[in-house]
Every structure is written in structure tokens, then in C-alpha cells.
Undergrad: 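Have a look at this one before I ask anything.
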Amino acid sequence: MTAFRSALVAAALMACGLSAPLLAQTHFEGAGQESSIDCDDGEAHITGASNRITVDGPCRLLSVEGAGNIVSVDLAEKAAIRVVGSSNHITWRAPGQARPRVSSTGAGNSIRRAQ
């Protein structure tokens with residue numbers, strides 16, 4: 001669901017006196033760091049260069065912007081991975097035979113299922 005559509009749904013629910021469930025969003029920004037973050041059935045956004053990040057899930061969206069990041073992520077069954085930059089290496093795990101929707105813009109990015 002796009003951010004615009006999510007906002008429309010939330011506004012409609014609020015107009016009816018109901019609240020919309022919010023997806024957890026985790027943001028990481030840095031350079032040359034090693035860290036673990038929790039996606040908590042929501043979204044993880046990573047920005048920077050030369051980071052080594054472990055994302056615990058399940059994660060519905062992983063977004064990586066930058067260069068030289070190494071990211072390992074646990075995905076939800078219906079998930080997406082978006083990568084913008086160069087030389088990022090993403091390794092993902094998903095339940096069963098599930099495969100994420102993948103978008104990669106830039107040179108030298110690798111996005112593959114964990115062995």
C-alpha cells in the first residue's frame with residue numbers, strides 16, 4: 001500500500017472514530033557502523049555507507065539508500081526490498097517459498113536469499 005493510500009485509509013478510519021493500525025518504522029542512519037535493528041512487522045529504512053546491519057523481522061519493507069552496506073533481513077511473507085545506491089549487499093530470509101518484490105537502482109547491488 002502506498003503512503004498516500006495509507007494516509008487516506010487512516011483519515012477515513014479517523015473520520016469514523018476508528019484508529020488505523022500503524023506499521024512499525026525503524027530508521028538507521030550512519031557510516032561505518034555495525035548494528036541490529038528490529039522491524040517488528042513493519043518497515044526498516046537504512047541510509048548511509050559501509051554499514052553492517054542485521055534486521056530482525058518480520059519485515060514488510062526494507063529500504064536501503066547508500067553505498068557499500070551489508071544487510072541481513074528477516075522478511076514477512078509478502079514483503080518488498082528497495083535499494084538505491086551502489087555496492088549494497090542484501091541477504092534475506094522469508095517463510096517457506098515466499099519471495100519479496102525487489103527494486104534495485106544503481107550499480108553493483110546484490111540481493112539474494114540467505115543460504
Side-chain angles (χ1 to χ4, degrees):
M1 188 179 306
T2 65
F4 178 72
R5 189 178 303 161
S6 295
L8 285 177
V9 169
L13 289 172
M14 287 174 44
C16 296
L18 303 172
S19 62
L22 296 176
L23 289 178
Q25 288 196 11
T26 300
H27 297 271
F28 175 90
E29 187 172 328
Q33 298 183 40
E34 186 166 338
S35 185
S36 292
I37 59 177
D38 189 358
C39 202
D40 195 26
D41 202 31
E43 301 178 355
H45 301 274
I46 298 168
T47 304
S50 303
N51 296 297
R52 183 178 294 268
I53 310 293
T54 300
V55 182
D56 296 316
C59 202
R60 295 184 185 277
L61 170 66
L62 172 67
S63 173
V64 177
E65 295 182 23
N69 295 294
I70 299 171
V71 180
S72 172
V73 61
D74 292 322
L75 297 173
E77 187 172 345
K78 294 182 179 180
I81 297 174
R82 284 193 310 238
V83 179
V84 177
S86 63
S87 300
N88 294 291
H89 299 283
I90 314 300
T91 307
W92 57 269
R93 288 168 300 288
Q97 297 299 314
R99 300 185 64 79
R101 294 179 319 276
V102 174
S103 169
S104 177
T105 304
N109 294 315
S110 89
I111 303 166
R112 62 180 172 79
R113 185 184 284 267
Q115 301 296 326

Undergrad: Give the minimum heavy-atom separation between His89 and Ser110, together with the two atoms involved.
TA: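 Shortest heavy-atom separation between His89 and Ser110 comes out as ND1-OG, 3.0 Å.
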
Undergrad: Look at atom CZ of Arg99 and say whether more than 12 heavy atoms of other residues, nucleotides or ligands are closer to it than 6.0 Å.
TA: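 No - once you tally the heavy atoms of other residues, nucleotides and ligands closer than 6.0 Å, there are 12 at most.
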
Undergrad: Taking atom CD of Gln33 as the centre, does the number of heavy atoms from other residues, nucleotides or ligands within less than 6.0 Å exceed 12?
TA: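 For Gln33, atom CD is crowded (more than 12 foreign heavy atoms under 6.0 Å).
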
Undergrad: Side-chain donor-acceptor pair under 3.5 Å between Ser35 and Arg52, yes or no?
TA: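 Not at all, the side chains of Ser35 and Arg52 share no donor-acceptor pair under 3.5 Å.
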
Undergrad: Closer than 3.5 angstrom, by distance alone: can the side chain of Asn109 be matched with the main-chain N or O of Asn88 as a donor-acceptor pair?
TA: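 Confirmed, Asn109 side chain pairs with Asn88 backbone.
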
Undergrad: Give me the atom names and distance for the closest heavy-atom approach of Val83 to Ile90.
TA: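 Between these two residues, the closest heavy atoms are CG2-CG1, 3.9 Å.
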
Undergrad: For a quick test of reading the model, state the closest non-hydrogen atom pair linking Ala44 to Val55 and the distance between them.
TA: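 Shortest heavy-atom separation between Ala44 and Val55 comes out as CB-CG1, 3.9 Å.
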
Undergrad: For the residue pair Glu43 and His45, confirm or rule out a side-chain donor-acceptor distance under 3.5 Å.
TA: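 There is such a pair (donor and acceptor under 3.5 Å, judged by atom type) between the side chains of Glu43 and His45.
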
Undergrad: Grab the two heavy atoms, one from Arg60 and one from Ala76, that are nearest each other, plus how far apart they are.
TA: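 Taking every non-hydrogen atom into account, CG-CB, 4.1 Å.
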
Undergrad: Would you check if Leu61 and Ile81 make a side-chain contact, meaning some heavy-atom pair closer than 4.5 Å?
TA: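 They are not in side-chain contact.
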
Undergrad: Could you walk me through whether Val64 and Val84 satisfy the side chain to side chain contact (heavy atoms under 4.5 Å, CB included) test, starting with their C-alpha distance in whole Å, then the side-chain angles of each, then the deciding distance to 0.1 Å, before giving a yes or no?
TA: CA-CA 6 Å; Val64 177; Val84 177; over 6 Å; no

Undergrad: Locate the shortest heavy-atom distance separating Pro58 from Cys39; write the atom from each residue and the value.
TA: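 Shortest heavy-atom contact: O-CB, 3.9 Å.
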
Undergrad: With sequence neighbours left out, what residues match Asn51 under side chain to side chain donor-acceptor pair (under 3.5 Å)?
TA: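 With sequence neighbours excluded, Asn51 shows a side chain to side chain donor-acceptor pair (under 3.5 Å) to Asn69, given in chain and number order.
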
Undergrad: Looking at every heavy atom in both Ala98 and Trp92, which two are closest together, and how far apart are they?
TA: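 Ala98 and Trp92 have their closest heavy atoms at O-CZ3, 3.6 Å.
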
Undergrad: Tell me if a side-chain donor or acceptor on Asp74 pairs with a main-chain N or O of Cys59 at a distance below 3.5 Å.
TA: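 No, the answer is negative, given that no donor and acceptor are paired below the 3.5 Å cut-off.
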
